[in-house]
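For the numbers below, each heavy atom of this structure counts, side chains included, while hydrogens, waters and symmetry mates do not.
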Amino acid sequence: TFRTGYPLSVNANLGTSQTEPGPSGAGDGGLANANLIGPVRYFDPHNTQSFKGNAGAFFFDPTAFSNAAPTPPYGTLPRNFLRGPGRTNMDLALAKSTPIYGERLRIELRAEAFNVFNHTQFLNPDTNPDNATFGQISSTYDPRILQLGVRIKF
């Protein structure tokens, strides 16, 4: 399978309580996006980048965003503006079915491998501008998994 990355939004993380009702006063602070203040640059998370003294596996440049007082009220960054990392995956299954006793009893031997080539497949980066890990990828999908199975059919 080959998939492009999931769409991502960078929210301004405004409050949604009665004391912080959001831009319209109706509790819509979660809908406000951050401001885009520079060009968005994507990076290879295999390589370490450093921004504002913080080094890590950055997927995009966190200095391109600001969540201080979104302008206009809902921020300048459109919804789903970013794309997460894509994913290429290869799974494989081999099976052999053998009769044991005529047509009444059969045995099937199976070998299955998930992520056969054991490529690193990154999960989405942190999109919360208030976190120290903003823009960084901190986890991956599972590595190669192998499983064997025997099935008796009667």
Side-chain angles (χ1 to χ4, degrees), residues 1-96 108-151:
T1 57
F2 174 76
R3 297 182 212 156
T4 60
Y6 291 110
L8 303 172
S9 294
V10 178
N11 293 329
N13 295 323
L14 299 179
T16 57
S17 65
Q18 289 182 348
T19 58
E20 296 178 283
S24 72
D28 61 349
L31 299 176
N33 289 331
N35 289 324
L36 185 63
I37 58 173
V40 176
R41 295 180 301 159
Y42 288 95
F43 303 106
D44 182 0
H46 290 97
N47 303 325
T48 301
Q49 304 290 331
S50 183
F51 294 99
K52 297 181 182 177
N54 190 8
F58 284 92
F59 184 66
F60 59 82
D61 183 356
T63 61
F65 307 94
S66 170
N67 68 336
T71 54
Y74 292 98
T76 59
L77 187 67
R79 179 177 167 265
N80 295 334
F81 182 74
L82 300 173
R83 281 272 172 194
R87 184 174 180 197
T88 303
N89 189 31
M90 174 75 125
D91 297 336
L92 179 69
L94 298 172
K96 169 71 172 145
E108 181 182 74
L109 303 173
R110 261 183 106 73
E112 297 175 332
F114 305 96
N115 191 6
V116 172
F117 299 119
N118 205 24
H119 291 172
T120 304
Q121 300 173 41
F122 295 105
L123 288 169
N124 287 332
D126 183 4
T127 58
N128 183 345
D130 293 335
N131 291 344
T133 58
F134 175 56
Q136 295 183 43
I137 293 180
S138 58
S139 55
T140 61
Y141 288 97
D142 290 331
R144 180 186 305 132
I145 296 173
L146 302 173
Q147 73 181 21
L148 301 173
V150 176
R151 181 176 177 187

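- Closest of all the heavy-atom pairs between Tyr141 and Leu123 is CZ-CD2, 3.3 Å.
- Phe60 and Asp126 make their closest contact through CZ-O, 3.9 Å (heavy atoms, listed as atom of the first residue, atom of the second, distance).
- Of the possible polar contacts, none joining the Asn35 side chain to the Leu77 backbone as a donor-acceptor pair under 3.5 Å is found.
- In this structure a side-chain-to-backbone donor-acceptor pair under 3.5 Å is missing from Asn33 to Gly75.
- Once rounded to the nearest 0.5 Å, the distance linking OG1 of Thr1 with CZ of Arg87 reads 6.5 Å.
- Here the straight-line distance linking atom CZ of Phe58 with atom CD1 of Ile137 works out to 11.0 Å at 0.5 Å rounding.
- Under the 30°/60° scheme for interplanar angles, the aromatic rings of His46 and Phe122 are found to stand perpendicular.
- Without hydrogens or angle criteria, Arg83 side chain to Gly5 main chain gives a donor-acceptor distance under 3.5 Å.
- Under a 3.5 Å cut-off, the side chain of Asn128 and the backbone N or O of Asp130 do form a donor-acceptor pair.
- Ring pair Phe43/Phe59: centre-to-centre distance not below 6.0 Å.
- Put simply, the side chain of Ser9 gets close to the backbone of Asn80: a donor and an acceptor are under 3.5 Å apart.
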| task | Carefully, step by step, assess Phe117 and Thr88 under the rule side chain to side chain contact (heavy atoms under 4.5 Å, CB included). | result | CA-CA 10 Å; Phe117 299 119; Thr88 303; over 6 Å; no
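- The minimum heavy-atom distance linking Pro45 with Ala57 is given by the pair O-CB, 3.4 Å.
- Proximity of a side-chain donor or acceptor of Asn118 to a complementary backbone N or O of Arg144 within less than 3.5 Å is detected.
- Considering only heavy atoms from C-beta on, Ser138 stays 4.5 Å or farther from Thr133 through its side chain.
- Checking side-chain atoms of Thr76 against main-chain N and O of Leu36 turns up a donor-acceptor pair under 3.5 Å.
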